[in-house]
Amino acid sequence: MLHICDHAGLGLAPAVAVQAVAVVVSSWRMRHAWWRAAFNIAQYALALSAAYAVSRLADLDRIGWFDVGVVAAAAAAWFLVKYGSVTVAVRLLFGGRWWVMFRQGLPFELLSIGALLLLSPVMLAAAQTSAALIPLALVPLYAVYRMARLSAEQEELSRLDPLTGLANRKGLLGDVADQLPAHAQRHAKGAADRHLALLVLDLDRFKHVNDALGHAVGDRLLVEVGGRLTGAVRPGDVVARLGGDEFAILAPRLTSVDDARDLALRVVAALAEPVALDGLPLDVSGSMGIAVYPAHGEDFATLLRHADVAMYDAKHRGDTITVYAPESDHNSPERLSLLADLRRALDGGSVSEYRQINMYYQPQVAIETGEVVGVEALLRWKHPRHGMVDPEELIKVAEQSAVMRLLTRRVVDDVVEQVAKWNAAGLNLRAALNVSVRDLHDGEIADQIADRLARYALPADRLQLEITEGALMADPRRVLATIARLDKIGVAIALDDFGTGYSSMQHLRRLPLAEVKVDRSFVLGMATDADDAAIVRSVIELAGALGLRVVAEGVEDERTWRLLHAAGCHVAQGWFYARPMPADELVTWLSRYRAVTPQRPEIGRHHRDS
């Protein structure tokens, strides 16, 4: 256009005027503010002026290689002025790196507008030959423009979540990458607003909404949550949906961790009001983890992982908001490698990997009669390089990831199948197995157990689940709902590690318990420590008054065994009887086992000695 106007003797002014009209029409259609239209007119006027000044060096009547170079230089001047002015304006308003902002729209403009600029001499030559040739060139030019526009739109869509319209993980990654260098500069200068926070939010009970009301309602709930999050954050903050019911917030230019907490509190307040869908009010709540640059990480991957760790820590503690703390992070590189190996073993990629995971069983013996009344199922993992992995380490590795669900499925499947085999062989043993906090947060475990019991036609009283007081404290409402479902199925519930929690009396009163397990730390010391012995006796008396069976774990010597009998304990478990063993070894052990019962006189003497 500029070349044509100039060649016609009209000069720069008509080109600027035509461009200004185009900007005004476009701004009116897109409802831009007046100042934005004025800025766009000004930047186009400057860019056209720069291109015009350079293009004056070319002879457009007889175009040669030099003139082609001048036209390319004029196009380059147009780009530099146009994007330089935009970059300066945006940086003055929002800060950030100039090159990041400069390059964001550059690929599209180079392909589309660049093609138009460089083809302007061709259009001029065609116009000089015959005006009828100009329409023939418009179609391919428009095709080039549309292809570039579609490519830019696809790139933009790839950074957005299609359901909520928020940024997705890729978009969040780009925003963090754009923000971090500027915050690094602020941190080096000691600026007050040098901190950047990444907040991760995971909704509670979202699966229940999907199961009860359908995925369409669940999707509408996610859209509503996205809108509330967007309304709660500050201008310049980025809200993203990472997937499922997990959201993230990028909050730049904070002065301290307290600012991040304040933002999290605003988010919690925004979600406090129930969401009304189809006339049904739905409560929305969640757990939020916070990681702050640079204290908790200096790149996107580290910040996201640490915010995720803090979020799971919040769920475990029963808190709404938790800031990342290194002591809560169990995901060292060694543990992450171990987690990957555990997932492969559970997936059963090969027979050898599948056989790495096994269940061992430790007998539980009625103290009064010496009868073996049950077993506790204990998980064992024989790693091909590290050997037997410590069970506590195994649970720490799995519990904060989705692998925990796979592990629980494997345990339930193996134990129910094994108990069914024993039952068919005439061995009436009850098997107790431990479940984690994550298992109890999700009612899926109740569905799985009901399905497996029905598949093997196994009576529900052959299975018992052991839960800890820590699991109850994490989210009492969700845990109690799962326990109630298991109790309805007929599966017995035992409270494990009793005495180490915080609200034991309340739990004994409210829960549908069948059994209490006295923590081994008290049992091990009761033969030598009068306080431990008093605690064990008190627990036994309390549970007995409530009609609950009492199991003492960690019974390793005869004296402890006799003290437990004297106190009225029902069942004992420990190395005094047998160590945990594979299922086939247990059958052999049972064939050789001879019941032993305490003798009253000796019990009294030992009790007095304690």
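Here, residue 1 is the first one in the sequence, and each next residue gets the next number.
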Salt-bridge test for [X] and [Y]: reply yes if a basic N is under 4.0 Å from a carboxylate O, no otherwise.
| X | Y | result |
| --- | --- | --- |
| Glu553 | Lys517 | yes |
| Arg409 | Asp413 | no |
| Arg430 | Asp461 | no |
| Glu541 | Arg537 | no |
| Glu444 | Arg405 | yes |
| Asp341 | Arg385 | yes |

Check whether any side-chain heavy atom of [X] sits under 4.5 Å from a side-chain heavy atom of [Y], and report yes or no.
| X | Y | answer |
| --- | --- | --- |
| Trp381 | Met388 | no |
| Asp204 | Ser287 | yes |
| Asp202 | Asp245 | yes |
| Leu453 | Ile449 | yes |
| Leu198 | Ile249 | no |
| Thr560 | Val523 | yes |
| Arg380 | Met359 | no |
| Asn428 | Arg462 | yes |

Open item on the list: Checking Leu173 now: which residues fulfil side-chain contact (heavy atoms from CB on, under 4.5 Å) with it, not counting sequence neighbours?
Closed with: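 Result, side-chain contact (heavy atoms from CB on, under 4.5 Å) vs Leu173: Phe300.
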Just checking, any donor-acceptor pair under 3.5 angstrom between side chains of [X] and [Y]?
| X | Y | answer |
| --- | --- | --- |
| Gln356 | His383 | no |
| Gln573 | Gln364 | yes |
| Glu556 | Trp575 | no |

Drop me the distance from [X]'s [atom1] to [Y]'s [atom2], to the nearest 0.5 angstrom.
| X | Y | atom1 | atom2 | result |
| --- | --- | --- | --- | --- |
| Glu376 | Tyr361 | CD | OH | 11.5 Å |
| Leu201 | Arg241 | CG | CZ | 12.5 Å |
| Leu465 | Ile445 | CG | CD1 | 5.5 Å |
| Leu429 | Asn423 | CG | CG | 9.0 Å |
| Leu163 | Arg220 | CG | CZ | 12.0 Å |
| Ile357 | Leu407 | CD1 | CG | 6.5 Å |

Locate the shortest heavy-atom distance separating [X] from [Y]; write the atom from each residue and the value.
| X | Y | result |
| --- | --- | --- |
| Ala291 | His296 | CA-ND1, 3.6 Å |
| Val373 | Ala366 | CG1-CB, 4.0 Å |
| Ala240 | Leu172 | CB-CB, 4.1 Å |
| Thr369 | Ala595 | O-CB, 3.8 Å |

Open item on the list: Test of understanding: with ring pair (Phe, Tyr, Trp, His ring centres under 6.0 Å), list the residues that count as partners of Phe247, not counting sequence neighbours.
Closed with: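 Not a single residue meets the ring pair (Phe, Tyr, Trp, His ring centres under 6.0 Å) criterion with Phe247.
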Open item on the list: As a quick check of understanding, evaluate side-chain contact (heavy atoms from CB on, under 4.5 Å) for Ile493 and Gln464, giving each step before the final call.
Closed with: CA-CA 6 Å; Ile493 306 296; Gln464 178 170 287; over 6 Å; no
- [ ] Begin from the C-alpha positions of Val518 and Val551 and carry the test side-chain contact (heavy atoms from CB on, under 4.5 Å) through to its verdict.
- [x] CA-CA 6 Å; Val518 186; Val551 176; over 6 Å; no
TODO: Starting from the C-alpha separation in whole Å, work towards a yes-or-no answer on side-chain contact (heavy atoms from CB on, under 4.5 Å) for Asp519 and Val539.
DONE: CA-CA 10 Å; Asp519 185 67; Val539 170; over 6 Å; no
Open item on the list: My understanding is that only one of Thr482, Asp496, Leu495 makes a side-chain contact (heavy atoms from CB on, under 4.5 Å) with Ile467; could you say which?
Closed with: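 Per the side-chain contact (heavy atoms from CB on, under 4.5 Å) rule, the option paired with Ile467 is Leu495, out of Thr482, Asp496, Leu495.
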Open item on the list: Val375 vs Trp422, test: side-chain contact (heavy atoms from CB on, under 4.5 Å). Steps then yes/no.
Closed with: CA-CA 12 Å; Val375 293; Trp422 287 334; 4.0 Å; yes
TODO: Decide if the gap between the ring center of Trp589 and the ring center of Tyr577 is smaller than 6.0 angstrom.
DONE: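 Ring-ring flag for Trp589/Tyr577: false, centres at least 6.0 Å apart.
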